[in-house]
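Each remark here refers to the structure printed beneath this line.
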Amino acid sequence: MTSHVEQQIAARIAAARRKAEEQQQRRAELAAARQAGLARRHAAKLRRSAATALDNTTLSASGA
């Protein structure tokens with residue numbers, strides 16, 4: 001038969017384990033969101049770069 005103290009210790013250990021798992025899950029979700037945001041920004045930068053590379057309206061040095 002387990003004592004009351006042992007039950008309290010087991011409950012605290014279980015709570016700490018749950019908290020650690022929740023924090024790990026949250027970090028993984030934030031990392032995934034960060035990666036998705038970086039990919040979107042990179043794609044937008046490439047689109048802007050391609051649009052300006054194909055845009056021939058910049059003036060030359062002679063102004064012609």
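When a residue number appears, it is its place in the shown sequence, counting from 1.
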Would you say Q23's side chain and A20's backbone share a donor-acceptor pair under 3.5 angstrom?
no

Is the closest side-chain donor-acceptor distance between E21 and Q25 under 3.5 Å?
no

Consider side chain to side chain donor-acceptor pair (under 3.5 Å). Of E6, R12, H4, which one does Q8 pass it with?
H4

Tell me, do H42 and L38 make a side-chain contact under 4.5 Å, heavy atoms counted?
no

